[in-house]
2 protein chains.
Amino acid sequence: MTQRNIQNIKVAVDAVVFAYKEKTLSVLLVKQKFGVNKDQWVLPGGLVKDDEPLKEAVERELFEEAGIKVNYLEQLFTFGDDINRDPRNRVISVSYFALVNPTKMKLKSGTDAKDAEWFPLDEIPQLPFDHNKIIHTSIKRIQSKLAYQPIGFELLNKEFPFSDLENLYQTILNKEIDRRNFRKKILSFGLLNETDKMSQKGAGRPAKLFKFNQSKYNKLVKEGFLFEIK
Amino acid sequence: MTQRNIQNIKVAVDAVVFAYKEKTLSVLLVKQKFGVNKDQWVLPGGLVKDDEPLKEAVERELFEEAGIKVNYLEQLFTFGDDINRDPRNRVISVSYFALVNPTKMKLKSGTDAKDAEWFPLDEIPQLPFDHNKIIHTSIKRIQSKLAYQPIGFELLNKEFPFSDLENLYQTILNKEIDRRNFRKKILSFGLLNETDKMSQKGAGRPAKLFKFNQSKYNKLVKEGFLFEIK
DNA sequence: TCAAAAGTGTTGAGTTTACACCCATGC
DNA sequence: GCATGGGTGTAAACTCAACACTTTTGA
């Protein structure tokens with residue numbers, strides 16, 4: 001700060017990884033094994049390497065800290081207005097949010113020997129830095145995303161009953177949806193294909209399984225649509 | 001890169017400032033007076049100071065380089081995947097986009113003795129770094145913004161004829177709009193208040209002047225709406 | 001009186017909402 | 001046979017899209 005021409009700001013990346021299981025949205029947190037915040041849960045992330053693209057830094061950290069690879073990753077926001085967000089140093093955080101299907105992967109304590117765990121949204125503890133704020137921002141983002149892009153492919157199993165999608169939307173938006181109207185609307189986009197399989201487990205009448213029409217899905221992600229859910 | 005624990009990445013901010021004049025959208029560029037890119041036009045911006053919030057860094061650079069203060073500033077994207085986007089050093093750019101009414105301010109060559117000028121979108125030259133890409137991203141952003149938030153307050157005069165708003169939308173979206181339907185829709189939001197003034201200059205019948213209903217405007221910016229323009 | 005831009009309504013089509021009962025299965 | 005969740009249709013309300021002529025002013 002006193003020396004000329006030497007900027008002393010560190011660049012970190014952090015990720016809010018969402019998974020959907022048992023009708024709740026969860027976020028991935030990892031436990032710090034070292035440092036000032038030892039034993040505290042934090043968002044996965046860390047400093048970017050000098051020769052590393054930002055996005056690769058996120059992917060590396062997710063793999064090192066939790067052993068996962070995500071299939072959807074989007075830049076969220078860069079937090080750097082609070083110059084003391086990290087009390088040790090000036091650090092700005094380029095934050096990402098990611099979507100994964102938790103049944104496809106096992107969390108494993110990574111090479112950094114950190115623990116990793118899914119926390120349902122309403123059980124997220126107080127976190128160090130501005131990590132709670134980052135999570136809050138990412139929830140807003142995913143909610144508003146629903147209005148103009150399809151979501152689900154990255155979070156659900158390959159084949160799923162219609163009610164999974166319906167529950168996913170209800171969970172993210174945190175409100176009730178009319179089952180019949182929702183189904184009509186989704187089907188009218190041509191987003192889903194029926195399979196000839198039926199769900200097995202559980203009470204009640206077995207449900208047809210659907211899968212996403214991948215090319216239609218990609219098209220709608222790119223072009224967007226307007227989809228207000230009442 | 002070889003030394004441990006010393007990250008060597010610089011953090012810059014850049015701004016895409018939009019102004020609307022004479023039925024075209026323009027972007028502010030400044031001329032570099034020193035350095036490798038001497039005499040080239042670039043986006044206003046520069047390195048962030050160690051004890052400076054990101055947003056303040058943008059505001060400072062805009063004032064130093066062009067003598068302006070903007071009334072709308074939004075973070076756009078952080079460019080840092082191309083590790084050679086600046087050939088001299090690893091620099092990541094936290095980019096912002098801003099909206100201003102150009103009649104309210106005079107550009108002035110700032111304390112850095114740079115020139116500053118408005119460039120209509122279709123006259124923007126090849127720029128160094130990834131500045132053309134940043135501008136392209138910001139145009140996409142402003143276009144998609146129109147579908148869920150009102151825009152105009154920051155770009156138009158305090159009191160303006162309805163046709164100004166109509167032209168603004170047509171310019172940003174780059175397509176024709178049905179005058180009658182557009183007027184009905186905008187008025188139905190309660191976004192505008194009539195004044196009792198009339199436009200003076202120009203051919204044709206004089207037009208009523210409108211102004212934005214500030215509180216309604218802020219409310220719609222916050223809450224958003226769905227507004228598809230055919 | 002002509003050119004230029006402002007102002008203004010209606011109708012048909014399409015979309016959205018609200019709403020409730022029967023079906024298939026496991027226990 | 002009952003509890004559980006799955007599957008389905010319709011009518012009324014509303015919103016959207018398409019469309020053209022009249023008014024006011026200055027030159």
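Below, read A as the first sequence line, B as the second, and so on, with proteins coming before strands; counting in each chain starts at 1.
- Comment: B:Glu59 does not engage B:Lys69 in a salt bridge, judged by the lack of any side-chain N to carboxylate O separation of less than 4.0 angstrom.
- Regarding B:Asn181, its CG atom lies at a distance of 9 Å from the C1' atom of D:dC19, rounded to whole Å.
- The side-chain heavy atoms of A:Asn213 and A:Leu191, taken from C-beta on, include no pair separated by under 4.5 Å.
- Salt-bridge formation is not detected for the pair A:Glu194/A:Lys211: no Lys NZ or Arg NE/NH1/NH2 atom is positioned less than 4.0 Å from an Asp or Glu carboxylate oxygen.
- Taking the six-membered ring for Trp and the full ring otherwise, the centers of A:Tyr169 and A:Phe182 sit less than 6.0 Å from each other.
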Apply the test ring-ring contact (aromatic ring centres under 6.0 Å, His included) to residues A:Phe189 and A:Phe225: give CA-CA distance (whole Å), side-chain angles for both, the deciding distance (0.1 Å), then the verdict.
CA-CA 10 Å; A:Phe189 288 127; A:Phe225 54 66; 4.7 Å; yes

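- In this structure, A:Lys55 does not pair ionically with B:Asp81, as no charged nitrogen and carboxylate oxygen lie closer than 4.0 Å.
- An end-to-end axis angle of 20° holds for the helix from C:dA13-D:dT15 to C:dC27-D:dG1, taken from five base pairs per end and rounded to 10°.
- Side-chain to base pairing of B:Arg180 with D:dA17: no donor and acceptor N or O lie closer than 3.5 Å to each other.
- Taking the six-membered ring for Trp and the full ring otherwise, A:Phe162 and A:Phe210 have centroids separated by under 6.0 Å.
- As rounded to whole Å, 14 Å separates atom P of C:dT15 from atom CZ of A:Phe227.
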Pairs under 3.5 angstrom, nitrogen or oxygen only, protein versus nucleotides 3-7 of chain C, please.
from	atom 1	to	atom 2	distance (Å)
C:dA6	OP1	B:Ser163	OG	2.7
C:dG7	OP1	B:Lys208	N	2.9
C:dG7	OP2	B:Arg183	NH2	2.6
C:dG7	N7	B:Arg179	NH1	3.0
C:dG7	N7	B:Arg179	NH2	3.4
C:dG7	O6	B:Arg179	NH2	2.7

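- Salt bridge status for B:Glu117 with B:Lys31: absent, with no side-chain N to carboxylate O gap under 4.0 Å.
- The gap from the P atom of C:dT17 to that of D:dA17 amounts to 15 Å, rounded to the nearest Å.
- For the pair B:Lys184 NZ and C:dT10 C1', the interatomic distance rounds to 8 Å; values are reported in whole Å.
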